[in-house]
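Notes to accompany the following structure.
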Protein chains: 2
Amino acid sequence: MARNSQAGGTARSRIARSRAGTRPRPGRTRSGNGSAHNDLLNDEIGLDALAGHAGYAVRRFQIWIFQDFIRTLAAVDIRPTQYSVMTVIGANPGLSQMAVAKRLGIERARLVHLLDSLEHRDLVSRIKSATDRRSHALHLTAQGRTALAQFKRLAAEHERHVAEKIGKENRERLLQILSAFT
Amino acid sequence: MARNSQAGGTARSRIARSRAGTRPRPGRTRSGNGSAHNDLLNDEIGLDALAGHAGYAVRRFQIWIFQDFIRTLAAVDIRPTQYSVMTVIGANPGLSQMAVAKRLGIERARLVHLLDSLEHRDLVSRIKSATDRRSHALHLTAQGRTALAQFKRLAAEHERHVAEKIGKENRERLLQILSAFT
DNA sequence: GGAAGATTGTTGTTGACGACAACAATTGCT
DNA sequence: AGCAATTGTTGTCGTCAACAACAATCTTCC
């Protein structure tokens, strides 16, 4: 543990470059290296063909948004997945591990470790279900409830960072577009 | 190798559930398990508080979109990152590994393995730079160029899947919102 | 011109994460 | 009662981001 925080300023802001209209027709087969003028322009590359790919933009955005989340909640040492688990349990106490895993789209094998760490920190507790002795009923501890309240405040701050980054109405439109995946 | 393809139908389509308007006010501290009616409604949980979080929606969407990309390009055994590397090199022949890594936001350590695999498949080649004997000038091989053309056709098909999933104009608006990250 | 520092490619480690397989305990079905 | 399915758990494998260390090479500065 104690490795999470890496807030290290990896949030480089060199993004948002201008999309130059010149398409260089790169198909040139010349195997000879393009003389010496390649060395210094490596800050204006222009990846052209990648611009129209949703997956690439989403991946880059996802990396940024997770880094900001981790950094914003570094003081409480909570990662996005842990937060989502606690949120679901907090909103639906008594759920089984299977139910939480299915709801969040994570595997139950993975949830085991997540719950182990959260249980060690006295944030959630597994209570043996009386109706089904295979399963555990998941609850937040009293400490977990007050902690989650603070996590939510920090998460709201993170959400404000997102709004600053892409614009308030763009963020809402994004949530609307992706609501099918929530 | 030969493990990539796992197109295995893991693309579960149980997403896009209806958001029931009933919020159950879950704060109830009753540690007693909610009798037996928890067992069967585990398909309508309602995670409520997670709905307003951009990061969660983006993560779920990113998982879906990558799985579709991998499945759509499974026949040529190309993953999203490999595709992005080849695209950048194809559009800017002669770049150094550092330049490609910085442009794509991946670490140069990671790029080493990516290029190893692509070079073993005779898709790209590292040519020792004459002007800076530390660096390599990256080029597509002739085989790599024709292969990339096919990859782009398959990627376009994948992009159509995205449009089918979230709507054509929603996809374009998404690309526009996230253009700062491209 | 030569020492000190930075850069480039490389190797290796760590940790989070998704996918999968196997297993014991328990439940459900018939 | 007997057999299939479910639940939590453990373990393995592969991907990926983040670091650290290193040799070779460039750059800078005295």
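In the text below, chain A, chain B and the rest are named by the order of the sequence lines, each starting its count at 1.
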In plain terms, say whether B:Lys168 and B:Glu172 are close enough for a salt bridge, that is, a side-chain N and a carboxylate O under 4.0 Å apart. yes
Non-neighbouring partners of [X] that pass side chain to side chain donor-acceptor pair (under 3.5 Å), sequence neighbours left out:
{"X": "A:Thr141", "answer": "none"}
{"X": "B:Glu119", "answer": "B:Arg126"}
{"X": "A:Thr146", "answer": "none"}

Any base atoms under 4.0 Å from [X], or only sugar-phosphate, or nothing? Heavy atoms, all strands.
{"X": "B:Gln97", "result": "sugar-phosphate"}
{"X": "A:His136", "result": "sugar-phosphate"}
{"X": "B:Arg133", "result": "sugar-phosphate"}

Between B:Leu114 and B:Ala109, name the one whose nearest nucleotide on DNA chain D is closer to the 5' end. B:Leu114
Is the shortest side-chain N/O distance from [X] to OP1 or OP2 of [N] below 4.0 Å?
{"X": "B:Arg59", "N": "C:dG18", "answer": "yes"}
{"X": "A:Arg79", "N": "C:dC17", "answer": "yes"}
{"X": "A:Thr81", "N": "C:dC17", "answer": "yes"}
{"X": "A:Gln67", "N": "D:dA18", "answer": "yes"}

Separation of atom [atom1] in [X] from atom [atom2] in [N], rounded to whole Å:
{"X": "A:Trp64", "N": "D:dC16", "atom1": "CH2", "atom2": "P", "answer": "23 Å"}
{"X": "A:Arg110", "N": "D:dC16", "atom1": "CZ", "atom2": "P", "answer": "16 Å"}
{"X": "A:Arg126", "N": "D:dT9", "atom1": "CZ", "atom2": "C1'", "answer": "9 Å"}
{"X": "A:Lys102", "N": "D:dG8", "atom1": "NZ", "atom2": "P", "answer": "11 Å"}

Under the side chain to side chain contact (heavy atoms under 4.5 Å, CB included) rule, collect the residues that match up with B:Ile166, sequence neighbours excluded. A:Ile177, A:Phe181, B:Phe61, B:Val162, B:Asn170, B:Arg171, B:Leu174
Nearest-nucleotide pick for B:Arg108, side chain only, options being C:dG18, C:dT10, D:dT10: C:dT10
Report all interatomic pairs (protein N or O, nucleotide N or O of nucleotides 1-6 of chain D) with separations under 3.5 Å.
from, atom 1, to, atom 2, distance (Å)
D:dT6, O2, A:Arg134, NH1, 2.5

Residues two or more places apart in sequence or in another chain: which of them pass salt bridge (Lys or Arg N to Asp or Glu O under 4.0 Å) with B:Arg134? B:Asp132
Looking just at side-chain N and O atoms, do A:Arg60 and A:Tyr56 make a donor-acceptor pair shorter than 3.5 Å? yes
